[in-house]
Amino acid sequence: MTRHDNRGSVIIHDDIPRHIPQLGDITLADFPAELGLFPLDEALLLPQGRLPLNVFEPRYVALVEDALASNRLIGMIQPRPLEGMGDTGPGDDTVTDPGMDDGYSDTPPLYGIGCVGRITAMTERVDGTYAITLTGIARFRLLRETALRRGYRAGRIDVSSFVSDLTDSGDDIPFDREGLLNALHDFCEAQGVSTHWEALRQMDDAALLVTLPMICPFGTAPRQMMLEAPTPAARAQILRNLLDGAGHEPDEGASPS
């Protein structure tokens, strides 16, 4: 059925089926059993969060192209640093994929939990690279990796353990909001980091507990701990502990899966 506004203009065509559901209508049945992976350390995507990415490596250009041609879903996941190597920054290409014909060798192991993101904004540049935004939908457990697809890594995933990411409203989160913001203020003062305080104070609790973990300048292991937190309140406590500790990071072998 086609609906019109009071001036007779067409506003929606209900009889035209969608190939993918709207973000708010996604259920467990909409997640594929296998998903292309985008390993990137110190890059945290949380459900309901938005992560901008600059995509220029050929394998990840292929990943974006394949996602756009299907369900627009990508699995963001952090690599574990190899033994003898420290954390690397986003976009570092020191460790690359195996099985390619241009000298790439070792593949870093991955953490066991990532987040499914959907491409919700995309700009294609004249040189064939992309600027995209991923909107986080739900966390996933990486069951096992499968064969490379056009140079990028892929894996069998399970989202069922994180069904609450799809259903929780984010209302009534039991955490000390003012205490967290005060700890953030002290952290920013100590680290010389600037923050848009008015924007943060206007956010509701759910948005604040998605935004702060994603923008705070912590390394791979702390970000993974916040991703794996069982509840938003637990995530808030981990973040508070990190801020109170002035950014001292836990050992890489700590709790993240």
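Residues take their numbers from the sequence shown, with the count starting at 1. All values below come from the heavy atoms of this structure, side chains included, with hydrogens, waters and symmetry mates left out. These numbers were taken from a predicted model, which means no experiment stands behind them.
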* Between Leu134 and Thr120, is a side chain to side chain contact (heavy atoms under 4.5 Å, CB included) present by the stated rule, with each step listed? -> CA-CA 6 Å; Leu134 290 181; Thr120 51; over 6 Å; no
* Structure fact -> Heavy-atom closest pair (Ala138 atom, Pro47 atom, distance to 0.1 Å) is CA-CG, 4.1 Å
* Asked: Would Leu143 end up clustered with Phe140 when hydrophobic side chains under 4.5 Å apart are linked, directly or stepwise?
  -> no
* Starting from the C-alpha separation in whole Å, work towards a yes-or-no answer on side chain to side chain contact (heavy atoms under 4.5 Å, CB included) for Leu243 and Asp186. => CA-CA 8 Å; Leu243 293 170; Asp186 294 343; over 6 Å; no
* Asked: When you measure from the side chain of Arg18 to the backbone N and O of Ile20, does any donor-acceptor pair fall under 3.5 Å?
  -> yes
* To do: Please examine the side chains of Thr231 and Arg235, heavy atoms only from C-beta on, and report whether any two atoms are closer than 4.5 Å.
  => no
* To do: Give a yes or no on whether the backbone of Leu110 and the side-chain of Gln78 come within a donor-acceptor separation of less than 3.5 Å.
  => no
* Considering all heavy atoms of both residues, which atom of Leu180 and which atom of Leu212 are nearest to each other, and what is their separation? -> CD2-CD1, 4.0 Å
* Name the orientation class of the two ring planes belonging to Phe38 and Tyr60 (parallel below 30°, tilted from 30 to 60°, perpendicular beyond 60°). => parallel
* Please check if any side-chain donor atom of Asn54 sits under 3.5 Å from a side-chain acceptor atom of Tyr130, or the reverse. => no
* Asked: If you measure only the distance, is there a donor-acceptor pair under 3.5 Å linking the side chains of Asn241 and Gln237?
  -> yes
* **Reported CG-to-CZ distance for the pair Asp158 and Arg139, which is rounded to 0.5 angstrom** => 12.5 Å
* Same cluster for Leu63 and Met122 if Ile/Leu/Val/Met/Phe/Trp/Tyr side chains link at under 4.5 Å? -> yes
* To do: Verify whether the ring centers belonging to Phe31 and Phe162 lie closer than 6.0 Å.
  => no
* Verdict with reasoning, Arg149 to Glu34, per salt bridge (charged side-chain N to carboxylate O under 4.0 Å, His left out) -> CA-CA 11 Å; Arg149 299 182 188 173; Glu34 187 173 323; 3.0 Å; yes
* Asked: With hydrophobic residues grouped by side-chain heavy-atom distances under 4.5 Å, do Met203 and Val193 end up in a single group?
  -> no
* To do: Determine, step by step, whether Glu57 and Val61 satisfy the side chain to side chain contact (heavy atoms under 4.5 Å, CB included) criterion, reporting the C-alpha distance in whole Å, the side-chain angles of both residues, the deciding distance to 0.1 Å, and the verdict.
  => CA-CA 6 Å; Glu57 285 191 61; Val61 169; over 6 Å; no
* Would the number of heavy atoms belonging to other residues, nucleotides or ligands and lying under 6.0 Å from CZ of Arg50 be above 12? -> no
* Heavy atoms only: give me the nearest Gln48-Asp165 pair and the separation to one decimal. => NE2-O, 4.1 Å
* Take Glu145 and Arg156 through the salt bridge (charged side-chain N to carboxylate O under 4.0 Å, His left out) test and state the conclusion after the steps. => CA-CA 6 Å; Glu145 287 199 57; Arg156 301 281 294 184; over 6 Å; no
* Asked: Got a second to check how far Leu46's CG is from Met226's CE, nearest 0.5 Å?
  -> 8.0 Å
* Side chains of Phe218 and Leu239 in contact at under 4.5 Å (non-hydrogen atoms) -> yes
* Residue pair Ile132 / Pro52, side-chain heavy-atom distance below 4.5 Å -> no
* pair Tyr111-Leu142: side-chain heavy atoms closer than 4.5 Å -> no
* Just wondering, do Leu51 and Leu53 contact through their side chains at under 4.5 Å, heavy atoms? -> yes
* Taking all non-hydrogen atoms of both residues into account, name the closest pair between Ser161 and Arg141 and its distance. => OG-NE, 4.1 Å
* **Asp172, CG atom: more than 12 neighbouring heavy atoms under 6.0 Å** => no
* Asked: Of the options Val64, Ile74, Asp66, which is the one that meets Tyr152 in a side chain to side chain contact (heavy atoms under 4.5 Å, CB included)?
  -> Asp66
* **Straight-line distance of Phe56 CZ to Thr129 OG1, nearest 0.5 Å** => 9.0 Å
* **Ion pair check, Glu178 and Arg201, cut-off under 4.0 Å** => yes
* To do: Quick one: pull up CG in Leu181 and CZ in Arg240 and give me the separation to the nearest 0.5 Å.
  => 10.0 Å
* To do: Compare every heavy atom of Leu45 with every heavy atom of Gly117, then report the nearest pair and how far apart it is.
  => CA-CD2, 3.8 Å
* For Pro213 against Arg223, the heavy-atom pair lying closest together -> O-NH1, 3.8 Å
* Any chance you could measure Ile137, atom CD1, to Leu166, atom CG, to the nearest 0.5 Å? => 8.0 Å
* Asked: Are any of the side-chain heavy atoms of Leu44 and Leu227 separated by less than 4.5 Å?
  -> yes
* To do: Quick one: do Met225 and Leu242 satisfy side chain to side chain contact (heavy atoms under 4.5 Å, CB included)? Show the steps, please.
  => CA-CA 10 Å; Met225 291 177 66; Leu242 290 167; 5.9 Å; no
* **Separation of Thr135 OG1 from Ile119 CD1 (nearest 0.5 Å)** => 10.5 Å
